[in-house]
Amino acid sequence: MDTTRPRRVHITLLGEFTADEIESLIRKLAVTRAGMDPPVPDTPPTAQTPGEVLVHEDASFSLGELDDGGVRVWLRSDGAGWLAFTLTKSDIDGIVAYIRRRLERRSRVH
């Protein structure tokens, strides 16, 4: 079995597209990107490792509890539509611990 991941793909787009068609194309491109080398880094860009990131200042989101104790996080992107991320119970515990530390620091300052 060939496990080589492509470094380049050929894409040709011509025509007019509706918003739904663009969202479908974005999803297909994301799936294609997920199978390419180099992989998306495990850590987000920083000032020392800049990268192009879509930043959404006014984020819309929705949360849904999963049967296994995890959470499905839906994030709305003006450009990509709705993106769904599954967080495990362990992920949630880590986020809760982070928020508690932040709140404790904030209450000590004020």
Side-chain angles (χ1 to χ4, degrees):
M1 179 162 105
D2 183 10
T3 59
T4 304
R5 294 164 46 109
R7 293 187 72 79
R8 298 177 70 87
V9 296
H10 179 83
I11 299 171
T12 302
L13 294 175
L14 182 63
E16 296 180 8
F17 303 93
T18 66
D20 286 342
E21 291 167 334
I22 292 293
E23 284 186 26
S24 176
L25 178 60
I26 290 169
R27 284 189 298 274
K28 290 174 185 173
L29 288 171
V31 168
T32 299
R33 173 61 184 99
M36 294 179 70
D37 274 333
V40 174
D42 289 334
T43 57
T46 65
Q48 292 74 33
T49 60
E52 293 186 26
V53 177
L54 295 172
V55 176
H56 296 280
E57 299 296 336
D58 248 350
S60 296
F61 67 94
S62 180
L63 303 172
E65 190 171 347
L66 301 175
D67 290 340
D68 64 1
V71 170
R72 174 83 28 88
V73 180
W74 294 86
L75 300 172
R76 185 183 173 281
S77 165
D78 289 339
W82 284 93
L83 304 171
F85 298 88
T86 299
L87 301 178
T88 65
K89 183 174 179 333
S90 176
D91 295 331
I92 301 300
D93 292 344
I95 292 169
V96 168
Y98 171 80
I99 292 171
R100 282 187 178 140
R101 286 192 306 272
R102 292 287 306 240
L103 291 173
E104 287 170 6
R105 274 189 247 140
R106 183 175 287 172
S107 67
R108 284 192 299 247
V109 171
H110 292 64

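If you're wondering where the values come from, they're calculated on a predicted model, not measured in any experiment. Residue numbers count from 1 along this sequence. Heavy-atom basis, side chains included; hydrogens, waters and symmetry copies ignored.
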TODO: Using distance alone, with no hydrogens and no angle criterion, decide if Asp91 and Thr88 have a side-chain donor and acceptor under 3.5 Å apart.
DONE: yes
Apart from Trp74 itself, its cluster of hydrophobic side chains linked below 4.5 Å comprises Trp82
Output for pair (Arg108 CZ, Leu103 CG), nearest 0.5 Å, gives 11.0 Å
In terms of heavy-atom contacts, His56 and Asp78 come closest through CE1-N, 3.5 Å
Interatomic distance, CG@Leu66 vs NZ@Lys89, rounded to 0.5 Å, equals 13.0 Å
In this structure, CG of Leu25 is separated from CG of Asp20 (nearest 0.5 Å) by 12.5 Å
What one should report as the nearest heavy-atom pair of Ala84 and Arg72 is CB-CD, 3.7 Å
Between the CD1 atom in Ile99 and the CZ atom in Arg106, the distance rounded to the nearest 0.5 Å is 10.5 Å
When Val71, Leu87, Val73 are each screened for side-chain contact (heavy atoms from CB on, under 4.5 Å) with Ile95, the one that passes is Leu87
Of all heavy-atom pairs linking Pro6 and Gly35, the shortest is CD-O, 3.4 Å
Q | Leu14, CG atom: more than 12 neighbouring heavy atoms under 6.0 Å | A | no
Taking every heavy atom of Val40 against every heavy atom of Arg33, the minimum-distance pair comes out as N-NH2, 3.6 Å
Kindly check if the number of other-residue, nucleotide or ligand heavy atoms within 6.0 Å of CZ (Phe17) is above 12? yes
Interatomic distance, CG@Leu13 vs CG@Leu29, rounded to 0.5 Å, equals 7.5 Å
Please tell me whether Phe61 and Leu83 are part of a single hydrophobic cluster in this structure, the criterion being side-chain heavy atoms less than 4.5 Å apart. yes
Here the pair of heavy atoms bringing Gly79 nearest to Ile26 is O-CD1, 3.0 Å
Check: Is Ile22 reachable from Val31 through a run of hydrophobic residues whose side-chain heavy atoms are each under 4.5 Å from the next?
Finding: no
Between Glu16 and Glu21 the two heavy atoms that sit nearest each other are O-OE1, 4.0 Å
